[in-house]
*Asks:* 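Below are the structure tokens for one structure; questions will follow.
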Amino acid sequence: MTHRTTSHLVGLIGTGVGPSLTPAMHMAEGRAQGLDYVYRPIDLAALDIAPDRIGEVLGWARALGFDAVNVTHPCKQIVLRHLDRVDPVAQQLGAVNTVLFTDDGTVGHNTDTTGFAHGFTEGLPDADLDTVVLIGAGGAGTAVADALLRLGCRHLTVVDLDVDRASSLARELAQRHPAAQVDASSFDKLSVLLPDSDGVVHATPTGMAEHPGVAFDPALLHTDLWVADIVYRPLDTELLQAARAAGCRTLDGGHMAVHQAVDAFALITGITPDADRMSRHFRQLVENRAH
Ligand code: NAD
């Protein structure tokens, strides 16, 4: 059940959430929609609260009048056992990033995975999804993988520096999506995989301002490959620059970042926000913070 009132109090719970752009994105859209919409970061590290106390923190937030919270690193998995209900997509993924406090209890959703799917459909609408390589098997990579498979990807290969992590994610994905072929591979196989792939999604921290570079050899990019990066600080990563130079269609990480907020805003308010307006605002915020 969503809250169809004009006043909303929302939080973002996690460690190191202070610099997040999500609060500003939600609040600007709330104002534009004529709502009293307040969204505050709740930094567990600054408050010296261990992440495994997320259940208590949810109880406090509810008691203090919050309508909903976004939950981020490192609480997205552990929060599940503290919820009354979990939406099937989030349950399948085993991770929640949005919790609604409803009259019927706490309800969890995952708008990282729906946000990637919506951003992908928006930015690369007719991209072929037969054979896709995912680089990065962490939390964000897992949400992306589920989204790709829900969108109809038929053969997904997961690659990570941590080979065990790639293999275990591939095994879990294969169980969750039995119609698809999902496997893990190592970096040295990219030279064989990428020439025959339709697209590649990059989901490691490489390319962020504090981790510059490209996670794999850009010489492997070719004109028939689409390239999606989920890094969004900066938006125009070295990978995307190399991909454009190679003639690839590209999707930047802003699409996922905006659409996770779009989907959360809709769940929290019951109002479909203006995704283009949120995207323009987000891109301004990234640009301003880069200087
Ligand atoms: P994580 O730490 O959970 O996982 C990162 C994974 O990448 C790990 O499995 C690690 O082994 C692997 N890795 C690291 N360097 C690598 C390399 N050079 N080559 C191959 N694998 C490598 O992190 P996460 O939460 O999954 O986030 C990853 C990145 O995704 C973040 O740094 C952030 O830039 C981005 N992100 C974007 C959005 C968005 O909305 N666009 C959302 C979440 C995260």
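Start at 1 with the first residue, then count along the sequence. Order of appearance sets the numbers: ligands from 1, and atoms from 1 within every ligand.
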*Asks:* So, R150 and T113: side-chain donor and acceptor under 3.5 Å apart, yes or no?
*Replies:*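 Per modelled atom types, R150 and T113 side chains form a pair under 3.5 Å.
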*Asks:* Determine, using ring centers only, whether F120 and H255 are less than 6.0 Å apart.
*Replies:*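 Ring centres of F120 and H255 not closer than 6.0 Å.
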*Asks:* Note down each nitrogen or oxygen pair, ligand 1 side and protein side, whose separation is under 3.5 Å; give only atom names and the distance to 0.1 Å.
*Replies:*
residue, atom, partner, partner atom, Å
ligand 1, 3 (O), G139, N, 3.1
ligand 1, 9 (O), D160, OD1, 3.4
ligand 1, 9 (O), D160, OD2, 2.6
ligand 1, 9 (O), R165, NH1, 2.7
ligand 1, 11 (O), D160, OD1, 2.6
ligand 1, 18 (N), T206, OG1, 3.2
ligand 1, 21 (N), L161, N, 3.4
ligand 1, 26 (O), G139, N, 3.2
ligand 1, 26 (O), A140, N, 2.8
ligand 1, 40 (O), A257, N, 3.2
ligand 1, 41 (N), I230, O, 2.8
ligand 1, 41 (N), G253, O, 3.0

*Asks:* Any luck finding a side-chain donor-acceptor pair between D183 and H155 under 3.5 Å?
*Replies:*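 H155 and D183 do have a side-chain donor-acceptor pair below 3.5 Å.
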*Asks:* Flag yes if L194 and I135 sit in one hydrophobic cluster, no otherwise; membership is Ile, Leu, Val, Met, Phe, Trp, Tyr, and two members link when side-chain heavy atoms are under 4.5 Å apart.
*Replies:*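 Looking at the clustering, I135 is in the same group as L194.
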*Asks:* How many angstroms lie between atom CZ of R53 and atom CD1 of I78, to the nearest 0.5 angstrom?
*Replies:*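 The CD1 atom of I78 is 12.0 Å from CZ of R53, to the nearest 0.5 Å.
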*Asks:* Does one side chain, of D188 or S186, offer a donor that lies under 3.5 Å from an acceptor on the other?
*Replies:*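 Result is yes, a qualifying pair exists.
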